[in-house]
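So the structure is just underneath, and the comments pick up after that.
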There are 2 protein chains.
Amino acid sequence: MSATHTGVPAADPLDQDCPIREVLDRVGDKWSTLIVVRLGQRTHRFNELHREINGISQRMLTLTLRNLERDGLVSRTVYPTVPARVDYELTDLGRTLVPAIMALHEWAVAHRDDIRHARVRHDEAATSGATRG
Amino acid sequence: MSATHTGVPAADPLDQDCPIREVLDRVGDKWSTLIVVRLGQRTHRFNELHREINGISQRMLTLTLRNLERDGLVSRTVYPTVPARVDYELTDLGRTLVPAIMALHEWAVAHRDDIRHARVRHDEAATSGATRG
DNA sequence: CAGCATCCGTCTAGATACTG
DNA sequence: CAGTATCTAGACGGATGCTG
């Protein structure tokens with residue numbers, strides 16, 4: 001975190017202070033998208049997310065949720081019951097992000113094989129180049 | 001990297017083995033998008049990128065370029081001149097990714113203020129909550 | 001000019017233990 | 001159930017020096 005915020009943010013994607021950085025810090029995050037997409041379907045409780053995303057630790061789930069909340073993408077509702085119950089859901093702002101994530105997802109699905117093939121090709125080239133000398 | 005590849009990759013965005021992960025690893029990368037967007041405009045030489053992205057180190061530029069090349073998003077052309085000259089440009093595959101990145105960028109521009117306000121609000125709430133006890 | 005190797009500090013993210 | 005606190009391994013990223 002600790003925003004760079006040089007004071008005058010440019011809207012130019014070529015500028016490294018570009019706002020896309022703030023978004024990418026969230027989207028590129030290992031867990032954020034997984035949470036956002038899930039929350040895009042319905043409200044989840046803490047442990048529901050914990051179970052569904054399975055690979056995530058409590059700590060990471062909490063931290064990621066806090067960041068998403070801080071950015072206004074996710075809202076947190078605490079029910080003062082015993083034991084406590086907390087619901088997480090996408091805010092209106094968060095919901096507007098889903099399509100962009102989905103666009104990326106669709107690109108990934110459409111070109112997944114291209115990437116895999118490219119990697120294999122690259123890997124083979126590097127290997128043969130190394131072993132053949 | 002080191003693909004999990006359970007054998008049967010799901011196209012479901014809710015699956016953590018989802019192909020979007022592979023894309024996000026690249027898109028979420030600190031420097032990748034900066035390079036892709038620049039290369040989306042025209043071919044660049046190594047030092048052109050180095051100068052334009054300025055904050056990046058040679059090491060990171062090289063590593064990021066290698067990853068992009070490995071994924072088939074960027075092509076590298078070496079001219080056996082002296083001194084050596086290397087051109088980097090987007091492949092057809094790489095070019096198809098630009099729109100998705102731009103969509104994210106547009107979202108970022110459109111909601112930049114929302115995010116900033118949310119952060120300020122969150123920060124203020126946390127501060128007053130902490131100091132007020 | 002382009003790039004690799006090495007060293008090293010920082011930050012991330014997971015495991016673990018404890019609390020209301 | 002829903003977190004918080006602490007410790008730590010390891011990845012990430014920068015600086016520097018060398019090569020063709």
Side-chain angles (χ1 to χ4, degrees), chain A residues 1-4 16 21 24-35 38-39 43-70 74-89 122 125-126 129-130 133, chain B residues 1-4 16 21 24-35 38-39 43-70 74-89 122 125-126 129-130 133:
Chain A
M1 305 319 148
S2 72
T4 312
Q16 42 235 278
R21 271 281 97 235
L24 256 25
D25 283 344
R26 202 64 42 234
V27 173
D29 194 77
K30 187 175 181 183
W31 307 110
S32 291
T33 53
L34 294 175
I35 293 176
R38 260 157 246 266
L39 256 30
T43 296
H44 277 68
R45 295 181 58 178
F46 186 87
N47 273 355
E48 282 181 327
L49 289 169
H50 195 195
R51 243 187 303 283
E52 286 185 28
I53 303 183
N54 220 326
I56 198 171
S57 63
Q58 274 194 334
R59 173 190 156 81
M60 278 305 103
L61 180 54
T62 299
L63 285 178
T64 307
L65 245 13
R66 289 287 176 281
N67 282 331
L68 290 171
E69 194 193 351
R70 185 171 115 92
V74 163
S75 69
R76 179 172 176 269
T77 308
V78 183
Y79 296 94
T81 60
V82 178
R85 167 188 173 161
V86 181
D87 276 4
Y88 289 95
E89 63 183 321
H122 184 92
Chain B
M1 306 317 146
S2 71
T4 312
Q16 41 234 282
R21 271 281 96 235
L24 256 25
D25 282 344
R26 202 63 41 234
V27 173
D29 194 76
K30 187 175 181 180
W31 307 110
S32 291
T33 54
L34 259 22
I35 293 177
R38 260 156 245 268
L39 256 31
T43 295
H44 278 68
R45 294 180 58 177
F46 186 87
N47 273 354
E48 283 181 328
L49 288 171
H50 194 195
R51 242 186 303 282
E52 286 185 28
I53 304 186
N54 220 325
I56 197 171
S57 64
Q58 275 194 335
R59 174 190 155 82
M60 279 304 103
L61 180 54
T62 301
L63 286 179
T64 308
L65 245 14
R66 289 287 174 282
N67 282 331
L68 290 171
E69 194 193 351
R70 186 171 114 92
V74 163
S75 69
R76 179 173 177 270
T77 309
V78 182
Y79 296 95
T81 60
V82 177
R85 166 189 172 160
V86 182
D87 277 2
Y88 288 96
E89 63 183 321
H122 183 91

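Heavy atoms only: backbone and side chains are in, while hydrogens, waters and symmetry mates are out. Order of the sequence lines sets the chain letters (A, B, ...), proteins ahead of strands, with each chain counted from 1.
Listed candidates were dT6(D), dG3(C), dG14(D). Nearest to the side chain of Gln58(B) is dG3(C). Between dG14(D), dG3(D), dT6(D), one nucleotide has an atom nearer to the side chain of Arg76(A) than all others, and that is dG3(D). Considering only side-chain atoms of Ser57(B), the nucleotide from dG14(D), dG20(D), dC4(C) that sits closest is dG14(D). The listed nucleotides are dA17(C), dA2(C), dG14(C); the one nearest the side chain of Asn47(B) is dA2(C). The side chain of Arg66(B) sits closest to dC4(C) out of dC4(C), dT4(D), dA2(C). When distances run from any side-chain atom of Ala84(B) to the nucleotides dG20(D), dG3(D), dT6(C), the shortest one goes to dG20(D).
The minimum heavy-atom distance linking Lys30(A) with Arg21(B) is given by the pair O-NH2, 3.3 Å. Phe46(B) and Leu61(B) make their closest contact through O-CD2, 3.5 Å (heavy atoms, listed as atom of the first residue, atom of the second, distance). Taking both residues in full, the closest heavy atoms of Pro83(A) and Thr81(A) are given as O-OG1, 2.8 Å, listed atom of the first, atom of the second, then distance.
The shortest distance between the side-chain N/O atoms of Lys30(A) and the OP1/OP2 oxygens of dT12(C) is not below 4.0 Å. When the side-chain nitrogen and oxygen atoms of Arg45(A) are compared with OP1 and OP2 of dC1(D), none of them lie within a distance under 4.0 Å. Contact annotation: Tyr88(A) side-chain N/O to dG3(D) OP1/OP2 distance is under 4.0 Å. At the phosphate of dG14(C), OP1 or OP2 sits under 4.0 Å from a side-chain N or O atom of Trp31(A).
Whole-Å rounding puts the Arg51(A) CZ to dG3(D) C1' distance at 15 Å. At whole-Å resolution of the value, CG in Leu68(B) and P in dG3(C) are 13 Å apart. Computed from coordinates, the Ile53(A) CD1 to dG14(C) C1' distance equals 16 Å when rounded to whole Å. If you take CD1 of Ile56(B) and P of dG14(D), they are 7 Å apart, rounded to a whole angstrom. In this structure, Leu61(B) places its CG atom 17 Å from C1' of dT16(D), rounding to the nearest Å. Rounded to an integer number of Å, the gap from CZ of Arg26(A) to P of dT12(C) is 11 Å. Note: CG (Asp25(B)) to P (dA11(D)) measures 14 Å, nearest angstrom. In this structure, the CZ atom of Phe46(B) is 8 Å from the P atom of dC4(C), given to the nearest Å.
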Next on the checklist: Before you tell me yes or no, could you show the steps for Ser32(B) and Val27(B) under side chain to side chain contact (heavy atoms under 4.5 Å, CB included), namely the whole-Å CA-CA distance, both residues' side-chain angles and the distance that decides it to 0.1 Å?
Outcome noted: CA-CA 6 Å; Ser32(B) 291; Val27(B) 173; over 6 Å; no
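Looking at His44(B) and Glu52(B), their side chains do bring a donor and an acceptor atom within 3.5 Å of each other.
Checking Arg59(A) against Val78(A), the closest nucleotide of DNA chain D that is more toward the 5' end is the one next to Val78(A). Comparing Thr62(B) and Asp29(A), the nucleotide of DNA chain C nearest to each residue sits closer to the 5' end for Thr62(B).
Within 4.0 Å (heavy atoms only), Tyr79(B) reaches no atom of the nucleic acid at all.
Side chain of Arg38(A) to main chain of Leu34(A): a donor-acceptor pair is present (N/O by atom type, distance under 3.5 Å, no hydrogens or angles).
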